[in-house]
Number of protein chains: 2
Amino acid sequence: MKQRRNTKQRQLILDLVRSSCDHPSADQIYLGARAIDDKISRGTVYRNLNLLVRQGELLHVKISGADRFDCRLGFHHHVLCTECGTVRDAPLSYHGELDPEVASKTGYIIEKHSAVFEGICPDCQNKSKHN
Amino acid sequence: MKQRRNTKQRQLILDLVRSSCDHPSADQIYLGARAIDDKISRGTVYRNLNLLVRQGELLHVKISGADRFDCRLGFHHHVLCTECGTVRDAPLSYHGELDPEVASKTGYIIEKHSAVFEGICPDCQNKSKHN
DNA sequence: ATGGGTGCAAAGTGTTTGCAAGTAT
DNA sequence: ATACTTGCAAACACTTTGCACCCAT
């Protein structure tokens, strides 16, 4: 069983994800961390993000290209703005009954599902009006 | 307005995706194409897949890492086996009423949503029994 | 002191692109 | 003949990894 240490880098990364509500990509977290600790390396950021996900302290969200990270645990869905690429949580409850439904129809053991809504956020709607 | 030509490469790629039911990744399509035309290049495969998606002849499915392509048009959901990575269509209807619901709650203009169910397929369940 | 963690840079994936030559129209 | 397409290789974007040094325990 591996020990886990508290390094300031790891704490910094966790704090950054927890304080951002926009599901940052690994690179955005790296840049944010870099602004505070100008020695921290990309390798450390990626390693720690993966570690924190494995330990259940963060959620890994795969949406449109780069991996993103989410401090909100538990099942929930996301809304992606196809214009600016930002991601926010969807104000919907989790329809857990769909999991056994799909399981019985397919023979799979279903663990969970996740939905991504795609559209244009209010900001981008305003921007395109002014063009 | 760009013309579109019928090249044998493009036709081959389209045929391959249409004849595969497992949502192949670009690289799987490349390998399949390569087995038939041993001169075709990765660049051509990627270019044509993107073109065919832009023209609405294929669907782009972003699941777990690599981009995948789907010849089934129209909104539908997917089931991913987290063990072997295969993807199949989910036997569920599209709940279109969720789109305006999310739209009114968030102010986004929602175009669509897509759900991915994660679990273990029957094949992989059997394999793990025998270990 | 010990072994997990870090910074760095190199190596891996998966995808896109510039260019000269090829080909469908 | 024209200009869209191809094959090739180099370039990209994102992520992982090997290694020597460092530091939390």
Side-chain angles (χ1 to χ4, degrees), chain A residues 1-17 22-55 57-70 80 84-87, chain B residues 1-17 22-55 57-70 80 84-87:
Chain A
M1 179 81 85
K2 267 197 194 174
Q3 295 283 358
R4 190 170 70 109
R5 287 185 188 173
N6 274 327
T7 61
K8 63 183 194 321
Q9 291 91 336
R10 184 168 303 153
Q11 192 58 51
L12 170 58
I13 291 164
L14 188 53
D15 289 346
L16 277 173
V17 180
D22 58 343
H23 306 74
S25 69
D27 213 67
Q28 288 173 322
I29 296 161
Y30 166 69
L31 292 174
R34 192 78 189 209
I36 295 169
D37 172 354
D38 69 352
K39 286 291 197 313
I40 200 169
S41 74
R42 271 200 172 74
T44 297
V45 172
Y46 279 92
R47 264 186 300 239
N48 276 306
L49 286 170
N50 288 336
L51 185 86
L52 291 165
V53 167
R54 245 180 283 126
Q55 306 203 323
E57 305 208 47
L58 294 179
L59 223 58
H60 199 159
V61 185
K62 318 178 192 78
I63 300 177
S64 85
D67 290 355
R68 288 155 179 278
F69 297 87
D70 191 340
L80 163 72
C84 63
T86 57
V87 175
Chain B
M1 179 80 84
K2 267 198 197 177
Q3 295 284 357
R4 188 170 72 111
R5 286 185 191 173
N6 274 328
T7 61
K8 61 183 196 319
Q9 291 91 336
R10 180 127 72 219
Q11 192 58 50
L12 171 59
I13 290 163
L14 187 52
D15 289 347
L16 277 171
V17 179
D22 59 341
H23 305 74
S25 68
D27 213 66
Q28 289 172 321
I29 296 161
Y30 165 69
L31 292 173
R34 192 76 189 208
I36 294 168
D37 170 355
D38 69 351
K39 287 290 196 317
I40 200 169
S41 73
R42 270 200 171 74
T44 297
V45 172
Y46 278 91
R47 265 186 300 237
N48 277 306
L49 286 170
N50 289 337
L51 184 87
L52 291 165
V53 168
R54 247 179 281 125
Q55 305 201 324
E57 306 207 50
L58 293 178
L59 223 59
H60 198 160
V61 185
K62 316 180 194 77
I63 299 178
S64 85
D67 291 355
R68 289 154 178 279
F69 297 86
D70 191 342
L80 164 73
C84 63
T86 57
V87 174

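Within every chain, numbering begins at 1; the chains are lettered A, B, ... in the order of the sequence lines, protein sequences first and strands thereafter. Just so it is clear, the model here is predicted, and its values are computed rather than measured. Computed from heavy atoms alone, side chains included, the values below leave out hydrogens, waters and symmetry copies.
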Provide, to the nearest angstrom, the distance between the [atom1] atom belonging to [X] and the [atom2] atom belonging to [N].
| X | N | atom1 | atom2 | value |
| --- | --- | --- | --- | --- |
| B:Asp67 | C:dT16 | CG | C1' | 12 Å |
| B:Leu12 | D:dT5 | CG | P | 16 Å |
| B:Lys62 | C:dT15 | NZ | C1' | 14 Å |

* Asked: Are the aromatic rings of A:His60 and A:Phe69 close, with centres under 6.0 Å apart?
  -> yes

Please name all residues satisfying side chain to side chain contact (heavy atoms under 4.5 Å, CB included) with [X], sequence neighbours left out, ordered by chain then number.
| X | result |
| --- | --- |
| B:Ile63 | B:Val61, B:Arg68, B:His78, B:Leu80, B:Val87, B:Val116 |
| B:Tyr46 | B:Ala26, B:Asp27, B:Arg42 |
| B:Leu58 | B:Leu14, B:Val17, B:Leu49, B:Leu52, B:Val53, B:Cys71 |
| A:Thr44 | A:Gln9, A:Ile40, A:Ser41, A:Arg47, A:Asn48 |

* Within residues 38-53 of chain A, find the residues that approach DNA chain D with a heavy atom at under 4.0 Å, and present them sorted by residue number. =>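 Heavy-atom contacts with DNA chain D come from A:Gly43, A:Tyr46, A:Arg47, A:Asn50.
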
* Going by heavy atoms closer than 4.0 Å, what residues in residues 28-37 of chain B are next to DNA chain C? -> none

* Within the structure, does a side-chain N or O atom of B:Gln9 lie under 4.0 Å from either OP1 or OP2 of D:dG7? ->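 So the side-chain polar atoms of B:Gln9 do come within 4.0 Å of the phosphate oxygens OP1 or OP2 of D:dG7, strictly under.
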
* Helical bend (five base pairs per end, nearest 10°) for the helix from C:dA1-D:dT25 to C:dT25-D:dA1 ->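 For the helix from C:dA1-D:dT25 to C:dT25-D:dA1, the axes at either end differ by 30°.
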
* **Inter-residue atom distance A:Leu12.CG - A:Asp37.CG, 0.5 Å rounding** =>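 Here the rounded value is 6.5 Å.
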
* To do: Using a strict cut-off of less than 4.0 Å between a Lys/Arg side-chain nitrogen and an Asp/Glu carboxylate oxygen, indicate whether A:Glu57 and A:Arg10 qualify as a salt bridge.
  => no

* side-chain hydrogen bond (donor to acceptor under 3.5 Å, both in side chains) partners for B:Asp22, two or more places apart -> none

* Are A:Leu51 and A:Arg54 close enough, and set up right, to give a side-chain contact (heavy atoms from CB on, under 4.5 Å), and what steps lead you there? -> CA-CA 5 Å; A:Leu51 185 86; A:Arg54 245 180 283 126; 3.6 Å; yes

Quick test: give all pairs of protein nitrogen or oxygen and nucleotides 22-25 of chain C nitrogen or oxygen below 3.5 Å, distance rounded to 0.1 Å.
| unit_1 | atom_1 | unit_2 | atom_2 | d |
| --- | --- | --- | --- | --- |
| C:dT23 | O2 | B:Arg5 | NH1 | 3.2 |
| C:dA24 | N3 | B:Arg5 | NH1 | 3.3 |
| C:dA24 | N3 | B:Arg5 | NH2 | 3.4 |
| C:dT25 | OP1 | B:Asn6 | N | 3.4 |

